[in-house]
J.: 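One structure, pasted below without further comment.
In this chain, numbering begins with 1 at the start of the sequence shown.
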Amino acid sequence: MRVKELRVSKPMSVDIFIQLANLANKFESDIYVIGPNYKIDAKSLMGLLATLRIDDQITILTSGEDEEEAIKACIHFFK
């Protein structure tokens, strides 16, 4: 399991959410975005649309056979 805390610093549009869900779906690992009041599957476009906002302090959690590559890709995505 890999864990990384970070802040959402860029505006989140529908296109950005689609890109994030597509990125997460490239990996076998489970990928979760954990915020102040939610834990969502990063592969779920609807979950991302409903919860993730700019300036949220979030934790990315990955677990699975390609968890290291998955967390690196997610960190790069949010920077």
J.: Shortest non-hydrogen contact from T51 to D56?
T.: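 Closest pair (atom of T51, atom of D56, distance): O-OD2, 3.7 Å.
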
J.: For the pair D41 (side chain) and K43 (backbone), establish whether a donor and an acceptor sit closer than 3.5 Å, ignoring hydrogens and angles.
T.: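 Flag set: sc D41 to bb K43 pair under 3.5 Å.
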
J.: Applying side chain to side chain contact (heavy atoms under 4.5 Å, CB included), can you list everything that pairs with S63, at least two apart in sequence or on another chain?
T.: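 In terms of side chain to side chain contact (heavy atoms under 4.5 Å, CB included), with neighbours along the sequence ignored, S63 is linked to E67.
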
J.: Looking only at heavy atoms, which two atoms of V33 and A42 are closest? And how far apart?
T.: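 What the structure gives for the nearest pair is CG2-CB, 4.1 Å.
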
J.: State yes or no: do L20 and I31 share one hydrophobic cluster built from I, L, V, M, F, W and Y residues joined by side-chain heavy-atom distances below 4.5 Å, directly or via other members?
T.: yes

J.: Give a yes or no on whether L52 and I34 share a hydrophobic cluster (residues Ile, Leu, Val, Met, Phe, Trp, Tyr; joining criterion: side-chain heavy atoms under 4.5 Å apart).
T.: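 Different clusters: L52 never reaches I34 through Ile, Leu, Val, Met, Phe, Trp or Tyr contacts under 4.5 Å.
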
J.: Does D55 offer a backbone N or O that forms a donor-acceptor pair with the side chain of R7 under 3.5 Å?
T.: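 Here the side-chain-to-backbone pair exists.
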
J.: Got a list of side-chain donor-acceptor pairs under 3.5 Å for residues 71-79, not counting sequence neighbours?
T.:
none

J.: Which pair of heavy atoms, one from I58 and one from Y38, lies closest together, and at what distance?
T.: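 Looking at all heavy atoms of both residues, the closest pair is CG2-OH, 3.6 Å.
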
J.: How far apart are the closest heavy atoms of T59 and E5, and which atoms are they?
T.: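 That would be OG1-CG, 3.5 Å.
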
J.: Taking it one step at a time, do V3 and I60 satisfy side chain to side chain contact (heavy atoms under 4.5 Å, CB included)?
T.: CA-CA 6 Å; V3 178; I60 305 293; over 6 Å; no

J.: K4 vs L6, test: side chain to side chain contact (heavy atoms under 4.5 Å, CB included). Steps then yes/no.
T.: CA-CA 7 Å; K4 176 68 176 173; L6 48 92; 4.0 Å; yes

J.: Can you list every side chain to side chain donor-acceptor pair (under 3.5 Å) pair that touches residues 12-36, not counting sequence neighbours?
T.: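 Sorted result for residues 12-36: S29-D66.
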
J.: With a 4.5 Å cut-off on side-chain heavy-atom distances among I, L, V, M, F, W and Y, is there a chain of contacts connecting L48 to M12?
T.: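 Yes, same cluster.
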
J.: Output all residues satisfying side chain to side chain donor-acceptor pair (under 3.5 Å) with R53, sequence neighbours left out; order by chain, then residue number.
T.: none

J.: Heavy-atom distance under 4.5 Å between the side chains of M1 and T62, does that happen here?
T.: no

J.: What residues form a side chain to side chain donor-acceptor pair (under 3.5 Å) with E69, not counting sequence neighbours?
T.: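 In terms of side chain to side chain donor-acceptor pair (under 3.5 Å), with neighbours along the sequence ignored, E69 is linked to no residue.
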
